[in-house]
Every structure is written in C-alpha cells, then in structure tokens.
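Have a look at the structure below before the remarks.
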Amino acid sequence: MPELPEVETVRLTLLEGGLQGLVITGVRVAHPDAVHWPDPQRFRLELAGRRIEGIGRRGKFLLIDVGKRTLACHLRMTGRLWLSRPEEPELSHTHVVFDLSDGRELRFRDVRRFGGFTLLEPDGSMAPDLLERLGPEPTDLTGDEFAAGCLRHTRSPVKALLLDQTFVAGLGNIYADEALHRARVHPARTCGSLSKQEQRAIRRAMRAVLRDALSHRGTTFLDFRDGSGEPGAFQEFLDVYRREGLPCRRCGAPIAKSRIAGRGTHFCPLCQPEGG
DNA sequence: CCAGCAGCCTGTGCGC
DNA sequence: TGCGCACAGGCTGCTG
C-alpha cells in the first residue's frame, strides 16, 4: 500500500537511477486496464519519442513530466514502477513497459490491477478530476485547515478525516494509524470532539511519521518496492500497524485492532483512550 | 451536504 | 490435503 513516503521513495530512486533525460522509445501495454486515459493506442502514440524532463509527486500520484504533458501514475495497493534491464525476466502482472533510450526499461506491474496511468491533457482538462481535488501536502496543512476539516466532518471518526485525500493528500491506512498513536488520539474519536491541542498533536505526529518513514525508504510488507526494485525498512519501526496483540512500545499494553472508517485499524487502548 | 458502504481485483491464510 | 471464504485496502460512486 504505497502511501506518500513510498511514492516519494519511488520518485527519488527513479531520479537516482537516471530516468530524467531519457527518451521513451516505445511503449508496450499488455493490459489495457492499467491505462486509465486515453485509450492504449493513443497512449502509445503520444508517449513514444518523448523525453522525460522531470519526476514529481502530488499526494500519492507520481507525476512524470514528458514535456507538454504529464504522465500521472498511481500505485494504489500493489503497483510497482521500477527501472529494469531488458534481460531481467518479466514478473507476472507486468502490464506496461516503457522502452528507454539507454536500453533499459521502466516497468509497471500491479497484481490487483487497481493502479495505473493517466496521461494528462496539455490543456489541463484531465487535472481537475485527478489533482485539483487533492488537499494540501501534509507538510503544508495549516492549523486553520485542520480545524476547518474537523468542522466539515464533525461526526466522522478522525481516522476517516486523515484518509480523506481532499482534506490532506498522501496518508493511507498505515500512516493514519501510526500518526494517531503518536498523537495519543483514539482513531474512533469524532472530528468534532477534538481539542485544539489534539488537532495540533495529530498534525505534528502526521508530519513526523511521514518524515521518519521516508528516511527508511518506506514500508514493505509484501509488495512495495522502490524505483530500483528494493524494499523499504520502516515496517521494523511501526508502533501499531500490523502489531495486534504485541506490546505497545510506549506502555506495554497489547495493541488492539478493530474496524473503524471501514478499515482495519490498530491502536493502543491505554495510550489512546476512547474517551479522549 | 455528509456519512457509510459495496465494488473493483487477486493472493494469502484461515477454518473445516 | 483441499476447498471455500474472509480479508487486505485506495478510491469511486451510490444510497439514505
């Protein structure tokens, strides 16, 4: 489940791998589901011959600048995008391969086929759907914006707010749970019940856990790999996610798991009391 | 408008 | 040992 730190790690490792400046000499689409826009035929024609000018990120979207256009990629649950030598055997579920001018390939694989590519139109007509609805990056989220989000979703659990990409862009299930544990706020607390201090604590915890995760090149349980095919290491440092029954690193109480905001949710019943 | 949930998809791991 | 099913979750779209 690539979230902001994982997508940023992919971005950085693609840059380190020298993707910038290469020309896309060919595009092979093995599974049309992975190309969300336009149709695969036009997708190939529009991208062939284009030079990769830069690689950016917005929320969980990877944004590959190919000149007049931007190729947006979302990894969703199991997507991988990495630089590969052509002689390396093709993994199953490899849906799109970009041939590059230095002889290498940029490969996209996605077991669950949730992820894929959108080629943004030069007039920006595709961007409103994808990018303009996104909330601020977690580092840019202000206290006022946090308060406004709480006001708009007073009856929702705070976990749902952190997962709402129009509120803040980049958190997923892992880092929502981790941020709330660091902030000592129960994930089922309603947004309307949060004090100013709690809002501030969540905002700080969110930034801190994302920074720490990025410094360990993301979290890998099964699927995540960076732009050079390597796993991350932050799974060793998680406090609550996937630690049901294990002792809380802060107080020793067993970590609990329940279903909140429709998601498997991990928390410490002692550090994060339901009553607040 | 807001809140909650089905559905998309496939591999994994559990119970029987 | 093998089968069936629940589960994992980002996001869209539907419903109440």
Side-chain angles (χ1 to χ4, degrees), chain A residues 1-8 10 30-37 57-63 72-81 91-96 108-118 126-135 137-138 147-180 187-194 206 210 213 218-225 231-232 234-235 238 240-245 255-267:
Chain A
M1 36 236 98
E3 306 178 26
L4 191 152
E6 288 76 27
V7 179
E8 182 65 11
V10 171
H31 204 303
D33 278 6
V35 177
H36 299 156
W37 180 269
R57 180 192 58 76
R58 180 74 176 88
K60 300 175 197 171
F61 284 95
L62 203 63
L63 300 173
C73 177
H74 202 304
L75 304 173
R76 295 284 186 115
M77 303 293 305
T78 52
R80 289 190 199 175
L81 187 70
L91 293 176
S92 57
H93 307 287
T94 298
H95 303 318
V96 182
F108 175 77
R109 98 175 284 234
D110 187 2
V111 170
R112 282 181 222 177
R113 289 201 272 127
F114 282 9
F117 296 92
T118 302
M126 292 301 294
D129 281 348
L130 272 190
L131 303 178
E132 287 174 18
R133 287 169 50 197
L134 292 178
E137 293 288 312
C150 289
L151 223 55
R152 202 156 68 86
H153 299 282
T154 34
R155 295 166 55 81
S156 285
V158 61
K159 166 139 183 190
L161 184 68
L162 297 189
L163 293 175
D164 180 355
Q165 303 297 300
T166 69
F167 168 69
V168 63
L171 275 82
N173 209 36
I174 297 175
Y175 299 116
D177 283 2
E178 293 296 315
L180 289 170
R189 289 277 306 284
T190 61
C191 297
S193 76
L194 297 173
M206 196 173 68
L210 294 173
T219 299
T220 296
F221 280 111
L222 204 61
D223 291 289
F224 172 67
R225 294 292 186 279
F234 195 63
Q235 62 278 3
L238 295 173
V240 287
Y241 187 81
R242 281 235 194 161
R243 294 195 68 244
E244 183 185 11
I255 298 301
K257 183 181 180 186
S258 70
R259 206 160 184 84
I260 296 168
R263 296 280 170 257
T265 301
H266 312 72
F267 58 95

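Labels below follow one simple rule: chain letters A, B, ... track the order of the sequence lines, proteins then strands, and each chain is numbered from 1.
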message = Could you tell me how far apart A:Leu134 (CG) and C:dT12 (C1') are, to the nearest whole angstrom?
response = 14 Å
task = Could you tell me whether A:Arg242 contacts a base, only the sugar-phosphate backbone, or nothing, with contacts defined as non-hydrogen atoms closer than 4.0 Å?
result = nothing
query = If you find the nucleotide of DNA chain C closest to A:Leu130 and the one closest to A:Gly264, which residue's nucleotide is nearer the 5' end?
reply = A:Gly264
remark   = Atom CG of A:Asp164 and atom C1' of C:dG10 are separated, to the nearest Å, by 12 Å
ask   = Just checking A:Arg263: base, sugar-phosphate only, or nothing, at a heavy-atom cut-off of under 4.0 Å?
value = base
ask   = Between C:dA6 atom C1' and A:Arg112 atom CZ, what is the distance in whole Å?
value = 13 Å
remark   = Computed from five pairs at either end and rounded to 10 degrees, the angle between the axes of the helix from B:dC2-C:dG16 to B:dC16-C:dG2 is 70°
query = Counting just side-chain N and O atoms, does A:Gln165 come under 4.0 Å of either OP1 or OP2 of C:dG10?
reply = no
task = Rounded to the nearest angstrom, tell me the gap between atom CG in A:Leu171 and atom C1' in C:dC11.
result = 15 Å
ask   = What integer distance in Å separates A:Tyr175:OH from C:dG9:C1'?
value = 15 Å
task = Quick one: label A:Lys257 by what it contacts on the DNA or RNA (base, sugar-phosphate, nothing), any heavy atom closer than 4.0 Å.
result = sugar-phosphate
key: Integer-rounded Å distance: C:dC7 P and A:His266 NE2   = 13 Å
task = Examine distances only and state if a side-chain atom of A:Arg155 and a backbone atom of A:Thr190 form a donor-acceptor pair shorter than 3.5 Å.
result = no
note = Counted 5' to 3', the first and last nucleotides of DNA chain B within 4.0 Å (strictly under) of a heavy-atom of chain A are B:dC2 to B:dG11
inquiry  = Just to be sure I understand the rule, does A:Arg113 reach a base, reach only the sugar-phosphate, or reach nothing, if contact means heavy atoms closer than 4.0 Å?
reply    = sugar-phosphate
ask   = Is it true that a side-chain atom of A:Lys60 and a backbone atom of A:Leu171 form a donor plus acceptor pair closer than 3.5 Å?
value = yes
message = What contact category does A:Met1 fall into here, base, sugar-phosphate, or nothing, at under 4.0 angstrom with non-hydrogen atoms?
response = sugar-phosphate
Check: A:Thr219 main-chain N/O paired with A:Glu6 side-chain donor or acceptor under 3.5 Å = yes
ask   = Between A:Asn173 (side chain) and A:Gly264 (backbone), is there a donor-acceptor pair under 3.5 Å?
value = yes
inquiry  = At 4.0 Å (heavy atoms only), tell me whether A:Thr78 reaches a base, stays on the sugar-phosphate, or touches nothing.
reply    = nothing
note = Atom CG of A:Asn173 and atom P of C:dC11 are separated, to the nearest Å, by 12 Å
note = Walking DNA chain B from its 5' end, the first of A:Phe114 and A:Arg152 to be reached, judged by nearest nucleotide, is A:Arg152
query = Between A:His266 and A:Ile255, which heavy-atom pair has the shortest distance, and what is it?
reply = CB-CG2, 4.3 Å
request  = Report yes if a side-chain nitrogen or oxygen of A:Tyr241 is closer than 4.0 Å to either non-bridging phosphate oxygen (OP1 or OP2) of C:dG9; otherwise report no.
outcome  = yes
ask   = Is there a donor-acceptor pair under 3.5 Å between the side chain of A:Thr265 and the backbone N or O of A:Arg263?
value = yes
ask   = Rounding to a whole Å, what distance do you find between A:Leu162:CG and C:dG10:P?
value = 12 Å
task = Check the angle between the aromatic planes of A:His74 and A:Phe61 and answer parallel, tilted or perpendicular using the 30° and 60° thresholds.
result = perpendicular
query = Donor-acceptor pair, A:Glu132 side chain versus A:Leu130 backbone, under 3.5 Å?
reply = no
request  = Answer whether the closest heavy-atom distance between the side chains of A:Phe234 and A:Pro5 falls below 4.5 Å.
outcome  = no
ask   = According to the interplanar angle, ranging from 0 to 90°, do the rings of A:His95 and A:Phe108 count as parallel (below 30°), tilted (30 to 60°) or perpendicular (above 60°)?
value = tilted
